[in-house]
Protein chains: 2
Amino acid sequence: MVEQHASHLDTVFHALGDATRRRMLRDLSGGERTVGQLAEPFAISLAAASKHIKVLEQAGMIRREVRGRTHLCRLDPGPLASAHQWLTAYERFWTDRLDALDRLLREEDAANAP
Amino acid sequence: MVEQHASHLDTVFHALGDATRRRMLRDLSGGERTVGQLAEPFAISLAAASKHIKVLEQAGMIRREVRGRTHLCRLDPGPLASAHQWLTAYERFWTDRLDALDRLLREEDAANAP
DNA sequence: CTCATATTCAACCACATGGTTGAACAACAC
DNA sequence: GTGTTGTTCAACCATGTGGTTGAATATGAG
């Protein structure tokens, strides 16, 4: 609930706000990928893909190991976990409220059917 | 895992990528708020706050009821739930991978301590 | 050394974003 | 009616975003 890592969450959610980058994360969930492999599914230049990867990297969601002339990327689940955690905090709130609404409607029902 | 609501997730995650809007959601988790009430904590113009609220509204995360001259906003948990769901799918992947790593390290331990 | 491969960098472009201000609109108060 | 309150709209501005292209860098292959 508390907004402690504000600017970090900013970058994480922003990184998630693009389908290209989410697809890259999906591919990375299958294991390590090079920059070229990550770029392959898209009809964009390598330079554009490289920028997307940098966004994910700066959000801390992926890490890069330069091996020879290729850059191997792998998922770092930490930031995804923080985003998940943030949403989970809200989940408690909204399920509570929906539960309360549910209870209210049931009481109303009970009152109307003596 | 599947990217079915791509463009919708785009707008939801984008809306979450701003601390001002996340704070508004936090306030709305406490119940209905007017535009003025939502804007109050921030040192920005009402027009700017109005734009933020419109972003949340277009992402489907809040709904607005115009009552008299005031606009009452309330949370719609649905889109937050989809974002949560998306992240949950990835959570399964990364916990699987961390579990595998854990198992590997334990096996290594066992081998080194006969 | 030369050539090809993998990736980044720099400059540029169109468009979106987040902010401002001042005017407009709508509804309540007098 | 007049005035005040709650909110939006329109025009504008600076900066960020996602894309391009062509050149630069670094490594591997012959």
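Throughout, a chain's letter reflects where its sequence line sits, starting with A, and its residues are numbered from 1.
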Novice: Let's test your reading of the pairing rules: Watson-Crick or G-U wobble, both distances under 3.5 Å, then write DNA chain D as a dot-bracket string with ( ), [ ], | and dots.
Specialist: ||||||||||||||||||||||||||||||

Novice: Sort and list the pairs that fulfil salt bridge (Lys or Arg N to Asp or Glu O under 4.0 Å) and have at least one residue in residues 48-58 of chain A, not counting sequence neighbours.
Specialist: A:E57-A:R64

Novice: In whole angstrom, give the distance that lies between atom CG of A:D18 and atom P of C:dA16.
Specialist: 14 Å

Novice: From the set D:dT7, D:dC9, C:dT7, return the single nucleotide nearest to any side-chain atom of B:K54.
Specialist: D:dC9

Novice: Can you sort out the partners of B:R21 under side-chain hydrogen bond (donor to acceptor under 3.5 Å, both in side chains), two or more places apart, ordered by chain and number?
Specialist: B:H52

Novice: Take nucleotides 21-30 of chain C nucleotide by nucleotide from the 5' end and write B, S or -, depending on whether a protein heavy atom sits under 4.0 Å from the base, only from the sugar-phosphate, or from neither.
Specialist: B-----BS--

Novice: Please give, in whole Å, the distance from C:dA16 P to B:Q58 CD?
Specialist: 13 Å

Novice: Could you state the atom-to-atom distance from CD of A:E40 to P of C:dA6 in whole Å?
Specialist: 13 Å

Novice: Please give, in whole Å, the distance from C:dA16 C1' to B:H52 NE2?
Specialist: 14 Å

Novice: A:E40: which residues meet the salt bridge (Lys or Arg N to Asp or Glu O under 4.0 Å) condition with it, sequence neighbours left out?
Specialist: none

Novice: DNA chain D: A:I44 or A:H14, which has the more 5' nearest nucleotide?
Specialist: A:H14

Novice: Quick one: A:D10 CG to D:dT17 P, roughly how many Å, whole number?
Specialist: 11 Å

Novice: Applying salt bridge (Lys or Arg N to Asp or Glu O under 4.0 Å), can you list everything that pairs with B:R63, at least two apart in sequence or on another chain?
Specialist: B:D76

Novice: For B:I53 and D:dG6, what is the distance between atoms CD1 and C1' respectively, to the nearest whole Å?
Specialist: 11 Å

Novice: Which nucleotide in the list C:dA11, C:dG19, D:dT7 gets nearest to the side chain of B:K51?
Specialist: C:dG19

Novice: To the nearest 0.5 Å, what is the distance between CD1 on B:I62 and CG on B:L25?
Specialist: 7.5 Å

Novice: Quickly work out the A:L72 CG to D:dA26 P distance and round it to whole Å.
Specialist: 19 Å

Novice: Can you tell me the distance, in whole Å, between the CZ atom of A:F42 and the C1' atom of D:dG18?
Specialist: 13 Å

Novice: Using side-chain contact (heavy atoms from CB on, under 4.5 Å) as the criterion, list what pairs up with B:A47, not counting sequence neighbours.
Specialist: B:S45

Novice: Who are the side-chain hydrogen bond (donor to acceptor under 3.5 Å, both in side chains) partners of B:S50, not counting sequence neighbours?
Specialist: none

Novice: Any non-hydrogen side-chain atom of B:V55 less than 4.5 Å from a side-chain atom of B:M61?
Specialist: no

Novice: Can you pull out every ring-ring contact (aromatic ring centres under 6.0 Å, His included) where at least one residue sits in residues 11-34 of chain B? Sequence neighbours excluded, please.
Specialist: B:F13-B:W86

